[in-house]
Amino acid sequence: KNEVEQSPQNLTAQEGEFITINCSYSVGISALHWLQQHPGGGIVSLFMLSSGKKKHGRLIATINIQEKHSSLHITASHPRDSAVYICAVKNFGNEKLTFGTGTRLTIIP
Amino acid sequence: DTGVSQDPRHKITKRGQNVTFRCDPISEHNRLYWYRQTLGQGPEFLTYFQNEAQLEKSRLLSDRFSAERPKGSFSTLEIQRTEQGDSAMYLCASSLEEVGNEQFFGPGTRLTVL
């Protein structure tokens, strides 16, 4: 079973700050997802990546396969970025996702 | 709206009652997944379908839980004889195998068992 750890568990920052959320996993994977969950429960997929780096607007996701580590960065953070960010991995030969417990991000105006 | 939809969004029931949730995946998505999320935790896998075939079930899915996808489109998740420990958010996701299998999530059904 893949263990997925996220850090920090909670993060509070001022508007405009550069945010980094980390995800580590224990065994090899075929893909890693970064997800965003707002209060009320709905989950939005931000990125799916298996190597390198992806960028969408102010969001950047990177993955280092050798180190079994991924980071999600938010540039010029805004209060509307406040949400829980969840890392999830898909193992080889297995369709289910294994999730981290999430990072609760609060951006203060 | 062509996203994943779930119904109902909220369900409050008394212990011992049966409940059924529905998930409508994105049209043409052949894979459908059910996850459960308890407060403060990340989601946990319950089961998934490829078309109408249920291909994997988690040990979390006790014999009180049953999921179906009879025509390979929408799916239902039924919980019989609900217990307070069943209180959670039940999430559905769908994906298209041929396009990298990225999963798209629905808004979830929040179940409260009194």
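Labels below follow one simple rule: chain letters A, B, ... track the order of the sequence lines, proteins then strands, and each chain is numbered from 1.
Here the rule is side chain to side chain contact (heavy atoms under 4.5 Å, CB included) with A/Tyr25, and of A/Asn91, A/Thr98, A/Ile63 only A/Ile63 fits it. B/Ser75 pairs in a side chain to side chain donor-acceptor pair (under 3.5 Å) with only one of the listed residues (B/Tyr48, B/Tyr33, B/Trp34), which is B/Trp34.
Among residues 99-109 of chain A, the residues having any heavy atom closer than 4.5 Å to a heavy atom of chain B are, in sequence order, A/Phe99, A/Gly100, A/Thr101. Scanning residues 8-16 of chain A against chain B with a 4.5 Å non-hydrogen threshold yields no residues.
The aromatic rings of B/Tyr35 and B/Phe105 are tilted relative to each other, their planes meeting at an angle between 30° and 60°.
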Inset, instruction - Run the numbers on B/Thr76 and B/Glu78 for side-chain contact (heavy atoms from CB on, under 4.5 Å), then give the verdict. - result: CA-CA 6 Å; B/Thr76 58; B/Glu78 181 184 18; over 6 Å; no
Inset, instruction - Check step by step if side-chain contact (heavy atoms from CB on, under 4.5 Å) holds for B/Glu102 and A/Ser45. - result: CA-CA 8 Å; B/Glu102 181 173 5; A/Ser45 178; 2.8 Å; yes
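Both the backbone and the side chain of B/Gln103 come within contact range of chain A, each with at least one heavy atom under 4.5 Å from a heavy atom of that chain. When heavy atoms are compared at a cutoff of 4.5 Å, A/Leu97 approaches chain B by way of both its backbone and its side chain. Contacts of B/Glu56 with chain A are made by side-chain atoms alone, with heavy-atom separations under 4.5 Å and no backbone atom involved.
Atom CZ of B/Arg64 has more than 12 neighbouring heavy atoms from other residues, nucleotides or ligands inside a 6.0 Å radius. Counting heavy-atom neighbours within 6.0 Å of A/Glu5 CD, excluding the residue itself, gives a total of 12 or less. Heavy-atom neighbours of B/Ile12 CD1 from other residues, nucleotides or ligands within 6.0 Å: at or below the threshold of 12.
Side chains of B/His29 and B/Val4 form no contact here, defined as non-hydrogen atoms less than 4.5 Å apart. With contacts defined as side-chain heavy-atom distances shorter than 4.5 Å, the pair B/Ser66/B/Glu68 does not qualify.
With B/Phe74 as the aromatic partner, B/Arg22 meets the cation-pi criteria of under 6.0 angstrom to the ring centre and within 45 degrees of the ring axis.
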